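For the numbers below, each heavy atom of this structure counts, side chains included, while hydrogens, waters and symmetry mates do not. Letters A, B, ... mirror the listed sequences (proteins, then strands); counts begin at 1. Please read all numbers here as calculations on a predicted model, not as lab measurements.
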Amino acid sequence: MDLKYTPSEFESGIYKKWEEKGYFRSEDKSEKPPFAIVLPPPNVTGALHMGHALTCTIQDIIVRTKRMQGFNTVWFPGTDHAGIATQMVVERELAKKGVSRHDLGREKFLEKVWETADRHHDIIIDQMKTLGVSLDWERERFSLDEKFNEAVNRVFCSLHDKGLLYRGKKLISWCTRCGTALSDLEVSQEPEDGKLYYIKYSAEGSASDHVVVATTRPETLLGDTAVAVNPADKRFRRLKEKNVIIPFVERKVPVIADDYVDMEFGTGCLKITPGHDFNDYEIGNRHGLETVTVINKDGVMNENAGIFGGLKVSDARTLIIEKLKDSGALEKIEDYQLTISKCSRCGTVIEPLTSRQWFVKMDGMAAKATEAVKKGDIEFYPRGWWEQTYYNWLENIRDWCVSRQLWWGHRLPVWYCDSCDGYKISSVKPSAKCKCGKGEYFQDSDVMDTWFSAALWPFAAFGWPEKTDALKTFYPNQLMETGFDIIFFWVARMIMFGIEFMGDVPFRHVLYHAMVRDEKGQKMSKTRGNVIDPLETIKEKGADSLRFTLASHAGHARDIKLSESEITGYGNFMNKIWQASRFTFMSLDGLDTGFDLKDAVHCINKWIVSRLNSVAAEVEAKFQQYQLSDITEILYRFFWHEFCDWYIEFSKPMLASEEYGQETKYTLAYIHREILKLLHPVIPFITEELYGLNPLKDNESIMTASYPVPDKEAVDKTLEGDISLVRDMISSIRNIKSMYGITSKVDVIAISEKHGAMLEMLSGQIVKLAGLKKLDIRDASKSGAVERKGNIRSVLPDLELVIPARDIIDIEKEKTRLGKKLESVNRDLDMLAGKLKNPNFLEKARPEIIENDRNKHDELAKLRRELGDALEMLESCAVS
RNA sequence: GGGAGGUUAGCUCAGCUGGGAGAGCAUCUGCCUUACAAGCAGAGGGCCGCAGGUUCGAGCCCUGCACUUCCCACCA
């Protein structure tokens with residue numbers, strides 16, 4: 001065994017072994033209870049980042065724990081084709097060579113995309129393996145594979161049959177760069193400095209009369225089909241049922257009254273462009289207005305824009321402003337802070353325009369999805385955090401535009417007739433002729449929103465629409481672990497489709513993880529240059545260090561601030577585990593592996609077993625709530641500050657003793673093995689490596705070992721308290737020695753009523769750990785002969801320590817030390833006494849609280865007496 | 001505009017149905033004590049964001065405010 005912890009030497013080998021042995025496998029049919037979780041499929045757009053490392057770590061911890069607990073555990077792997085995102089990555093690559101996707105053509109372009117997707121896929125899988133994920137690789141799927149396509153088509157057709165899918169010409173968000181329609185979610189609002197233009201529209205039949213409208217998009221006036229005012233606005237009464245004339249296109253449009261118009265804003269007069277604005281579109285619908293489209297899908301003004309036709313939107317705007325100025329129709333320009341819609345993928349300004357697209361009706365499914373969470377069929381963790389957000393979104397949901405004018409994705413299973421308006425929904429080309437009798441069917445060239453297929457993961461992954469055993473066993477999944485940023489994109493839609501197509505929710509629990517940020521709390525991004533690369537980190541510090549660090553942050557906060565130094569810090573813990581293991585193994589010569597733990601009698605051995613079981617119970621409780629950060633903290637503390645700092649130190653003389661040697665060796669090996677098991681889900685590599693060296697290992701891999709089940713019988717709180725007193729005693733002596741700068745060994749007289757026997761048993765260790773020459777244990781009832789005067793004293797509950805040190809004692813120092821202690825005791829005591837005197841407290845507080853406070857009070861009172869006594873003796877000492 | 005978080009030691013965060021503030025890291029001091037200097041031992045450090053209120057008792061509950069992060073939203 002190496003003297004130092006060097007993870008690079010064993011991590012990759014261990015992973016290979018796990019894979020070869022098939023430890024990640026799950027069974028379609030099994031006697032064991034199922035535990036299913038689907039990995040949120042990473043996009044094949046690039047390499048993994050810290051966010052992926054976090055989600056993988058969290059899921060792997062849960063999955064490994066469940067597997068060791070005896071569940072038929074499946075962690076389902078896959079990657080997502082990520083339609084628009086991946087297509088864009090490839091388009092960018094091509095753009096560097098000056099090639100567009102249209103230059104290549106659909107088929108050639110898709111070949112390129114597949115190449116890219118495959119390349120990224122391989123990188124991603126390798127990265128995940130490096131991190132140690134225990135995904136059931138044999139089940140791996142791709143969201144664009146053939147079987148997935150079947151499932152997607154099935155759902156599409158079925159939605160259509162149910163009347164939940166329709167084709168409609170509506171105003172939609174259009175990205176002119178991507179050349180596709182987008183769903184609401186794919187549009188982000190960004191603040192921008194803009195201008196508000198005040199433009200005169202002259203009234204029909206009156207050369208002098210006019211209205212002024214305020215707009216941020218003057219170029220859309222070409223598509224205006226009305227001007228709206230508030231019905232209550234007296235200023236515009238004269239124009240009721242009159243027309244105004246749109247400049248340039250000289251169109252007469254009506255002045256209409258609509259409550260939507262805010263009298264206070266701008267001029268109180270609103271230009272209505274139903275063809276290019278969502279509000280206007282609705283107002284237009286209310287008033288039966290014509291919709292005029294002036295902007296084409298390529299972002300160029302069309303023939304309806306008159307002399308501006310053929311200009312790009314931005315150029316048209318500049319020119320219009322110029323011409324309005326020239327004609328005197330531009331009243332003024334104000335600076336204005338506006339929010340602008342942009343394509344969340346490429347940042348291009350969104351053009352709302354009317355287009356024929358496919359929509360999924362959402363309200364019915366949304367209601368059921370809301371209900372499922374309200375009823376508790378699905379629970380969100382952290383509890384209650386995202387529920388409100390989820391409800392709000394579902395309650396205000398709009399129909400989902402699922403068609404995309406992209407090439408990379410699931411092709412719509414829609415077939416149009418080339419000679420009439422007829423169409424058919426079908427996964428395969430319809431064999432029959434169209435009703436019209438003449439036409440041939442051709443397939444829609446559009447593809448589906450990526451999230452459409454993503455919404456099927458929890459059941460499509462297990463073979464749906466076939467009724468597979470896997471589906472029967474693993475649906476609903478037990479858990480979905482993901483980022484809260486895709487709660488609408490993905491989680492809500494999985495829930496809706498799950499209920500719709502499987503008749504049950506897709507998963508029981510949803511665990512949301514935080515966003516990984518840099519140490520200053522800023523988002524990690526390449527442009528900021530603050531990215532911590534998981535692979536680099538693993539190479540330098542090992543996967544376990546990274547995993548432990550990430551897990552230590554996996555509480556229920558929304559942000560994680562990650563720093564390199566922290567990962568290094570937890571690397572120290574890995575080394576500590578390594579070193580303690582070295583000690584363990586080198587101490588086990590002559591171990592009887594058949595020893596029965598129940599035969600161990602030494603209080604220290606019983607104590608550490610008790611502590612182990614207490615800790616296992618704590619971990620179990622935290623695991624129930626997915627409080628992984630608490631688990632890492634508990635285990636860190638237990639391993640380092642109890643097992644290493646105290647147990648190992650106490651065990652040293654015991655290991656060599658004739659009487660306790662055997663039981664101590666066994667206990668040491670046993671505790672070591674059990675802690676490794678508790679730690680394994682978090683830090684799988686080092687624990688596997690060390691488990692293999694533990695003579696008590698009960699199988700060839702810790703992955704197949706059983707997770708520690710807390711044994712209540714083994715927990716002895718009294719014993720834990722007693723040992724705690726011994727620890728306090730040692731700490732207290734160390735404290736005194738440190739204060740006085742005593743480096744030599746000292747004598748200590750310990751006076752106790754009840755703890756004599758235990759102190760006697762542990763005297764060897766106490767002498768060593770506290771740095772004593774001699775420990776003299778006396779019975780409190782017969783301690784009269786102890787000379788306290790002029791000696792250093794320390795008082796613990798039922799334990800008084802006297803250090804004969806007349807020659808070194810510094811009266812003033814000692815007075816300060818004891819005085820400080822007394823002060824703090826007095827403070828607590830006053831507080832307690834005050835409480836216990838308060839009739840209101842005695843009357844209203846819960847009895848157990850009062851009882852508890854009384855006990856505390858009595859204990860402190862005793863301490864105070866003894867401290868006072870000690871101080872008094874110092875005084876008399878000073879005098880004499 | 002609506003909604004949800006956050007504010008506790010220098011930093012990162014825990015703090016249970018309200019019982020009287022904790023951890024890790026960092027800092028300071030002393031130690032190469034034969035598992036570990038990536039270590040051991042000891043110590044210091046807090047108007048729990050501000051102001052009210054409820055209560056015998058508030059870091060925790062209520063109200064307001066400040067700062068901050070994030071969602072959602074059609075004010076031209």
- Where is the tightest heavy-atom contact between A:P382 and A:Y512, given as atom of each residue plus distance? CD-O, 4.0 Å
- Note: A:F583 and A:I648 closest approach over all heavy atoms is CE2-CG2, 3.5 Å
- Query: Does A:N572 or A:I730 map to a spot on RNA chain B nearer the 5' end, using the closest nucleotide for each?
  - Reply: A:N572
- Assert: residue with more 5' nearest nucleotide on RNA chain B, out of A:K768 and A:G555, is A:G555
- Item | Partners meeting ring pair (Phe, Tyr, Trp, His ring centres under 6.0 Å) with A:H553 (sequence neighbours left out) | none
[X] [atom1] - [N] [atom2] separation (whole Å):
X	N	atom1	atom2	result
A:D2	B:rC36	CG	P	15 Å
A:L588	B:rA35	CG	C1'	12 Å
A:D645	B:rA35	CG	P	14 Å
A:E519	B:rC13	CD	P	12 Å
A:F573	B:rA23	CZ	C1'	14 Å
A:R727	B:rG42	CZ	C1'	16 Å
A:K737	B:rG30	NZ	C1'	12 Å
A:E618	B:rG15	CD	P	14 Å

Taking atom [atom1] in both [N] and [M], compute the distance separating them and give it to the nearest angstrom.
N	M	atom1	value
B:rG44	B:rG30	C1'	15 Å
B:rC50	B:rC67	P	15 Å
B:rC36	B:rU17	C1'	44 Å
B:rA66	B:rG52	C1'	15 Å
B:rA58	B:rG18	C1'	6 Å
B:rG2	B:rC25	P	45 Å
B:rA21	B:rU8	C1'	8 Å
B:rC16	B:rC60	C1'	10 Å

Options [options], nucleotide nearest the side-chain atoms of [X]:
X	options	result
A:Q579	B:rC36, B:rG24, B:rA23	B:rC36
A:Q388	B:rA23, B:rU12, B:rA4	B:rA4
A:A557	B:rA14, B:rG42, B:rA38	B:rA14
A:D630	B:rG24, B:rA35, B:rA14	B:rA14
A:K561	B:rA35, B:rA38, B:rC13	B:rC13

OP1 or OP2 of [N] versus the side-chain N and O atoms of [X]: is any pair under 4.0 Å?
X	N	result
A:H556	B:rC13	no
A:Y390	B:rG3	no
A:W646	B:rC40	no
A:K4	B:rA35	no
A:K652	B:rU34	no
A:S731	B:rG42	yes
A:K576	B:rC40	yes

Is a side-chain donor or acceptor of [X] paired with a backbone partner of [Y] at a separation under 3.5 angstrom?
X	Y	answer
A:D853	A:L832	no
A:T568	A:E564	yes
A:K821	A:T816	no

Spatial distance of atom [atom1] ([X]) from atom [atom2] ([Y]) [nearest 0.5 Å]:
X	Y	atom1	atom2	result
A:T664	A:I608	OG1	CD1	12.0 Å
A:Q765	A:E649	CD	CD	10.5 Å
A:D518	A:L562	CG	CG	9.0 Å

For a quick check of understanding: with a heavy-atom distance under 4.0 Å over all strands, which category does [X] fall into, base, sugar-phosphate or nothing?
X	result
A:N575	base
A:L3	nothing
A:H641	sugar-phosphate
A:Y5	base
A:N852	nothing

- Mark yes or no for a side-chain to base donor-acceptor pair under 3.5 Å between A:E649 and B:rA35, with no hydrogen or angle criteria applied. yes
- Message: What I want to check is whether an N or O donor and acceptor connect the side chain of A:K835 with the base of B:rG20 at under 3.5 Å.
- Response: yes
- Query: Any chance the rings of A:F10 and A:W578 have centres within less than 6.0 Å?
  - Reply: yes
- Message: Would you say the rings of A:F380 and A:W386 are close, in the sense that their centroids are separated by under 6.0 Å?
- Response: no
- 5' to 3', nucleotides 69-76 of chain B under a 4.0 Å protein heavy-atom cut-off (B base, S sugar-phosphate only, - none) gives SSSS-BBB
Name the pairing partner of [N], where a pair is Watson-Crick or G-U wobble with both distances under 3.5 Å, or state none.
N	value
B:rA21	none
B:rU29	B:rA41
B:rA9	none
B:rA73	none
B:rG59	none
B:rC65	B:rG49

